[in-house]
Q: 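Following this message is one structure expressed as structure tokens.
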Amino acid sequence: MDRSTRKLDHIRHALTTNEQDRNSFDDVSFVPNSLPNTGYNEVTLDTDIDSFRLGSPIVINAMTGGASATTEINQKLAIIARERNLAMAVGSQMAAIRDPAVENSYRIVRKEYPNGIVFANVGAEATIEQARTAVDMLEADGLQIHLNVMQELLMPEGDRDFRGYIENIRAIKESLEVPVMVKEVGFGMAKETIQQLVEAGISLIDVGGKGGTNFAKVENMRNVQPLPMFEDWGFTTVESLLEAQSFPHDGVSIMATGGIRHGLDAVRALALGASAVGIAGAMLRLVRTSTLDDCLNAVDEWHNQLRVGMTALGVRKIKDCRRIPVMITGTTAQRARLRGINLENLAQRDFGQSIDS
Ligand code: FNR
């Protein structure tokens, strides 16, 4: 199967599989604060991830490019990003690296969003030269390297050899002039993975957990010999955030993607240490089903929900969210405890000391 057919398959199946009403974010709740001493209009949404100052913690995460039919999707995503000052990533650029005829499906993003923060995207098997080509193609501000072992294994035409990835990631990081983010695509990350990445010099990590778009399901829908027993593989986004919190990693920015449904999920992720949240499947659904105005309204509504949550919790700045007391219950709590994560400390954080005034 050629790459452009695969891209379109991914879009078609992602639209039908990402429909979970409940996910790990439902296991995250807040201690109410009846005296928050803050005002809705005081809340600011700008946030720092690594060396980037973003106007919003919501990032349009990597999805597509590589087939002419995807140009229109990337164009609309880039317009939304521009109009609402969101950072944005494109889908894997290997298609255009191998076939420059489809470069425009990616370049359209920079064309529509000349001054925005745009991330290029390649897999961990990419050579330094390919990584550089991806960045140059978009004049990208940063590079995402995606990890998707289970997806590749379930893809009939997928990779089967994952040796040397961490050395390759280190080499790319050391050779590029732009910041490098490593991201999962929906199987989450354990602290052991995060630790290896940090040791390899990576200071920008998207833990990319389970709960939204499920690429095991997507690939099984494409595969004549599906392996459905792997559809529940991995850590959820909340579990991955707890893993990331469980060892000190000063100077490392965490992003959370995977099943962010609304602004309250974003506040939950920020409270668990994320500095930004990525949204992919829900954005795709929006651009495929709604007018540009309705897409912009949806982003405004997510921002409103974020502000409502932050106001009620008494936080004015995104970076202060990470000190809000937060309670983890249900399956997430059971699994986190097995991993030795102290949930009582999280639930008993001190409001009073947490907030910059
Ligand atoms: C993706 N995602 C993705 N990620 C990546 O790093 N490179 C890629 O090429 C793609 N391709 C892709 C295609 C489609 C159609 C979707 C929906 C997603 C993964 C994406 O960035 C994100 O990590 C997951 O989709 C989980 O987030 P959501 O969808 O639950 O918000």
Side-chain angles (χ1 to χ4, degrees), residues 13-32 57-59 61 63 150-151 154 183-190 206-221 226 228-245 254-274 276-286 288-290 298-299 301-306 308-310 312-313 321 324-339 341 343 346-347:
H13 295 312
L15 284 171
T16 55
T17 54
N18 177 16
E19 299 216 329
Q20 301 179 36
D21 291 336
R22 291 192 57 78
N23 67 27
S24 62
F25 285 102
D26 294 308
D27 286 340
V28 182
S29 57
F30 292 110
V31 177
I58 294 175
V59 174
N61 217 342
M63 277 183 278
M150 183 52 74
Q151 180 187 5
L154 296 183
K183 75 183 285 281
E184 245 295 345
V185 303
F187 299 97
M189 281 190 202
D206 178 351
V207 293
K210 206 168 55 160
T213 305
N214 180 333
F215 269 101
K217 276 193 184 158
V218 169
E219 296 306 341
N220 277 336
M221 289 172 90
M229 66 294 291
F230 290 102
E231 290 181 1
D232 200 28
W233 190 262
F235 273 158
T236 65
T237 305
V238 172
E239 287 166 356
S240 305
L241 286 168
L242 291 169
E243 292 277 321
Q245 289 228 318
I254 300 289
M255 188 161 124
T257 304
I260 301 277
R261 300 159 297 183
H262 41 59
L264 178 57
D265 284 347
V267 183
R268 289 165 166 155
L270 297 167
L272 291 171
V277 298
I279 302 186
M283 283 285 183
L284 182 64
R285 188 161 300 107
L286 261 180
R288 297 298 273 177
T289 58
S290 308
V299 175
E301 199 39 45
W302 288 334
H303 281 154
N304 174 46
Q305 294 156 5
L306 251 167
V308 167
M310 289 172 66
L313 290 163
C321 290
I324 301 168
V326 55
M327 293 177 295
I328 309 293
T329 53
T331 316
T332 308
Q334 282 171 12
R335 286 165 57 94
R337 287 209 166 92
L338 289 176
R339 294 283 292 163
I341 294 168
L343 301 178
L346 271 181

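The figures that follow rest on heavy atoms only: side chains count, while hydrogens, waters and symmetry mates do not. All values derive from a computational prediction rather than experimental measurement.
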Q: Are side-chain heavy atoms of Met327 and Leu343 found at a separation under 4.5 Å?
A: no
Q: Can a donor-acceptor pair be found between the side chains of Asn220 and Glu231 at a distance below 3.5 Å?
A: yes
Q: Show your working on side chain to side chain contact (heavy atoms under 4.5 Å, CB included) between Lys217 and His13 and close with a plain yes or no.
A: CA-CA 8 Å; Lys217 276 193 184 158; His13 295 312; over 6 Å; no
Q: Output the distance between atom CD (Glu184) and atom CG (Asp206), rounded to the nearest 0.5 Å.
A: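 Glu184 atom CD to Asp206 atom CG measures 9.0 Å (nearest 0.5 Å).
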Q: Return yes if some donor-acceptor pair links the side-chain N/O of Arg268 with the main-chain N/O of Ser29 below 3.5 Å, else return no.
A: no
Q: Do NZ/NE/NH1/NH2 and the carboxylate oxygens of Lys210 and Asp232 come within less than 4.0 Å?
A: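 Yes.
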Q: Mind checking the CE-CH2 spacing from Met150 to Trp233? Nearest 0.5 Å is all I need.
A: 4.5 Å
Q: Once you round to the nearest 0.5 Å, how far does OG1 of Thr289 lie from CG of Leu15?
A: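 Thr289 atom OG1 to Leu15 atom CG measures 8.5 Å (nearest 0.5 Å).
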Q: Quick one, Leu241 with Thr236, criterion side chain to side chain contact (heavy atoms under 4.5 Å, CB included). Give me CA distance, side-chain angles, the key distance, then yes/no.
A: CA-CA 9 Å; Leu241 286 168; Thr236 65; over 6 Å; no
Q: Indicate the atoms forming the closest heavy-atom contact of Ser240 with Gly209, along with that distance.
A: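 In terms of heavy atoms, the two residues are closest at OG-CA, 4.3 Å.
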Q: Would you say the side chain of His303 lies within less than 4.5 Å of the side chain of Val299, judging by non-hydrogen atoms?
A: yes
Q: When you compare the side chain of Asn61 with that of Met255, does any pair of heavy atoms fall below 4.5 Å?
A: yes
Q: Could you walk me through whether Leu242 and Leu346 pass side chain to side chain contact (heavy atoms under 4.5 Å, CB included), step by step?
A: CA-CA 10 Å; Leu242 291 169; Leu346 271 181; 3.5 Å; yes
Q: Checking the side chain of Gln305 only, and the main-chain atoms of Gly263 only, is there a donor and an acceptor separated by less than 3.5 Å?
A: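 Side chain of Gln305 to backbone of Gly263, a donor-acceptor pair under 3.5 Å: yes, one is there.
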Q: Report yes if some heavy atom in the side chain of Met221 is under 4.5 Å from a heavy atom in the side chain of Pro226; otherwise report no.
A: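 Not in contact.
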Q: Test side chain to side chain contact (heavy atoms under 4.5 Å, CB included) on Leu313 and Val267; report intermediate values, then the result.
A: CA-CA 10 Å; Leu313 290 163; Val267 183; 3.9 Å; yes
Q: Do you know the tightest heavy-atom contact between Thr257 and Gly278?
A: OG1-CA, 3.2 Å
Q: How many angstroms lie between atom OG1 of Thr237 and atom CG of Leu272, to the nearest 0.5 angstrom?
A: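 Here the rounded value is 10.5 Å.
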Q: How long is the gap from CG on Asp26 to OG1 on Thr331, to the nearest 0.5 Å?
A: 11.0 Å
Q: Do the side chains of Ile58 and Leu306 get nearer than 4.5 Å, heavy atoms only?
A: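 Yes - at least one pair of side-chain heavy atoms lies under 4.5 Å apart.
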Q: Write down the atom of Gly273, the atom of Ile254, and the distance for their closest heavy-atom approach.
A: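 Closest approach of Gly273 to Ile254, heavy atoms only: O-CB, 4.0 Å.
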Q: For Ala276 and Val59, work out which heavy atoms get closest and say how close.
A: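 Reported closest heavy-atom pair: CB-CG2, 4.2 Å.
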Q: If you look at every heavy atom in Gly330 and Asp27, which pair is closest and at what distance?
A: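 Shortest heavy-atom contact: CA-OD1, 4.0 Å.
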Q: Would you compute the distance between atom CZ of Arg288 and atom CZ of Arg285 and round it to the nearest 0.5 angstrom?
A: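 If we round to the nearest 0.5 Å, Arg288:CZ and Arg285:CZ are 12.0 Å apart.
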Q: Closest approach of Gly259 and Asp265, non-hydrogen atoms and distance?
A: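 That would be O-OD2, 3.5 Å.
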Q: Heavy atoms, side chains only, cut-off 4.5 Å: are Met189 and Glu243 in contact?
A: no
Q: Compare all side-chain heavy atoms of Ile260 with those of Trp302 and state whether any distance is below 4.5 angstrom.
A: no
